[in-house]
Amino acid sequence: QVQLAESGGGAVQAGGSMSLSCAASGRTFSVAAMGWFRQAPGKEREFAAAITWSGGRSAYADSVKGRFTISRDLAKNTVYLQMNSLKPEDTAVYYCAAGDTVWEIRNRFRYEYWGQGTQVTVSS
């Protein structure tokens with residue numbers, strides 16, 4: 001099992017920045033990729049960003065590309081999401097996820113482990 005603990009989140013005005021962190025523990029040797037997904041009220045959970053653990057290959061949803069940056073710290077088993085130029089439509093619960101494959105890292109069904117989620121609210 002892999003446990004994921006998210007931190008960060010909160011409220012910010014449009015145009016502002018926010019950083020999220022997700023620390024993995026447990027059987028972290030099995031983790032091949034980690035991602036951030038988000039879910040707004042009444043909507044399905046959607047992909048935001050992901051990164052492969054060893055190679056550091058990243059992927060972004062078109063809606064966040066150029067504004068969000070995903071990174072990881074191998075020594076701390078932690079993945080980060082730096083969010084800049086935030087928009088009201090970025091408001092959602094953000095979930096950290098971990099999976100054992102480097103394929104289809106945009107696909108939420110490729111991830112076995114999920115964090116509890118952290119709320120991000122962007123006001124206009």
Side-chain angles (χ1 to χ4, degrees):
Q1 293 284 342
V2 175
Q3 294 78 42
L4 302 174
E6 298 145 339
S7 59
V12 67
Q13 288 192 328
S17 297
M18 185 177 293
S19 181
L20 305 180
S21 299
C22 175
S25 60
R27 296 172 63 88
T28 56
F29 59 85
S30 67
V31 173
M34 292 186 72
W36 289 97
F37 292 77
R38 64 186 185 181
Q39 187 167 17
K43 295 187 176 183
E44 287 193 358
R45 192 170 299 186
E46 65 175 12
F47 169 74
I51 190 166
T52 59
W53 205 238
S54 59
R57 173 172 56 91
S58 58
Y60 298 92
D62 288 343
S63 58
V64 308
K65 195 174 296 182
R67 300 188 298 122
F68 290 11
T69 301
I70 189 169
S71 61
R72 87 273 194 240
D73 186 324
L74 298 178
K76 296 182 179 180
N77 288 324
T78 299
V79 65
Y80 305 94
L81 186 67
Q82 177 65 40
M83 304 182 291
N84 298 327
S85 302
L86 283 162
K87 305 175 181 179
E89 51 264 42
D90 294 318
T91 295
V93 177
Y94 282 70
Y95 295 90
C96 174
D100 65 0
T101 178
V102 299
W103 304 108
E104 298 184 8
I105 59 176
R106 299 169 180 264
N107 184 347
R108 62 186 169 121
F109 297 107
R110 289 293 190 178
Y111 294 85
E112 292 83 15
Y113 306 103
W114 292 84
Q116 78 283 1
T118 184
Q119 177 70 46
V120 172
T121 302
V122 184
S123 59
S124 58

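As the structure is a prediction and not an experimental result, all values here were calculated from the model. Heavy atoms only: backbone and side chains are in, while hydrogens, waters and symmetry mates are out.
Minimum interatomic distance between Thr78 and Ser21 (heavy atoms only, all atoms of both residues): CG2-CB, 4.4 Å. Shortest non-hydrogen contact noted between Gly8 and Thr118 is O-OG1, 2.9 Å. Among all heavy-atom pairs drawn from Ala33 and Thr101, the shortest one is CB-O, 3.5 Å.
In this structure, the side chain of Gln39 does not engage the main chain of Val93 through any donor-acceptor pair within 3.5 Å. For Thr91 (side chain) and Val122 (main-chain N/O), a donor-acceptor pair under 3.5 Å exists by modelled atom type. At distances below 3.5 Å, at least one donor-acceptor pair connects side-chain atoms of Glu112 with backbone N or O atoms of Asp100. Distance alone, capped at 3.5 Å, is enough to place a donor-acceptor pair between the Tyr111 side chain and the Ile105 backbone. When atom types are taken as modelled, the side chain of Tyr60 and the backbone of Ile70 share a donor-acceptor pair closer than 3.5 angstrom.
More than 12 heavy atoms of other residues, nucleotides or ligands lie within 6.0 Å of CD in Gln116, so this atom counts as buried by the packing criterion. Annotation for Lys43: atom NZ does not count as buried by contact number, only 12 or fewer foreign heavy atoms lying within 6.0 Å.
Side-chain contact between Cys96 and Trp114: absent, with no pair of heavy atoms (C-beta onward) separated by less than 4.5 Å. Looking only at side-chain heavy atoms (C-beta outward), Val31 and Asn77 stay at 4.5 Å or farther from each other. Put simply, the side chain of Tyr80 does not reach to within 4.5 Å of the side chain of Ile51, judged on heavy atoms.
Classified by interplanar angle (parallel below 30°, tilted 30° to 60°, perpendicular above 60°), the ring pair Tyr94/Phe68 is tilted.
Atom CZ of Arg110 sits about 4.0 Å away from atom CD of Glu104, to the nearest 0.5 Å. We find the OH-CE distance between Tyr113 and Met34 to be 12.0 Å, quoted to the nearest 0.5 Å. The structure places OG of Ser123 at 5.0 Å from CD of Gln13, a figure rounded to the nearest 0.5 Å. Atoms CZ and CZ, on Phe47 and Arg106 in that order, are 5.0 Å from each other to the nearest 0.5 Å. Annotation: the span from Thr121 atom OG1 to Met18 atom CE amounts to 7.5 Å, rounded to 0.5 Å. Taking OG1 of Thr28 as the reference point, atom CH2 of Trp53 lies at 8.5 Å (rounded to 0.5 Å).
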* To do: Given side-chain contact (heavy atoms from CB on, under 4.5 Å), test Val120 with Arg38 step by step and report yes or no.
  => CA-CA 9 Å; Val120 172; Arg38 64 186 185 181; over 6 Å; no

* Chi angles and distances behind the side-chain contact (heavy atoms from CB on, under 4.5 Å) call for Val79, Trp36 -> CA-CA 9 Å; Val79 65; Trp36 289 97; 3.9 Å; yes

Exercise answer: donor-acceptor pairs, residues 81-88 side-chain atoms, under 3.5 Å, sequence neighbours excluded:
{"unit_1": "Gln82", "atom_1": "NE2", "unit_2": "Asn84", "atom_2": "OD1", "d": "2.9"}
{"unit_1": "Asn84", "atom_1": "OD1", "unit_2": "Ser17", "atom_2": "OG", "d": "2.9"}

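Hydrophobic cluster membership for Trp103: Val102 (Ile, Leu, Val, Met, Phe, Trp, Tyr linked by side-chain heavy atoms under 4.5 Å, directly or transitively).
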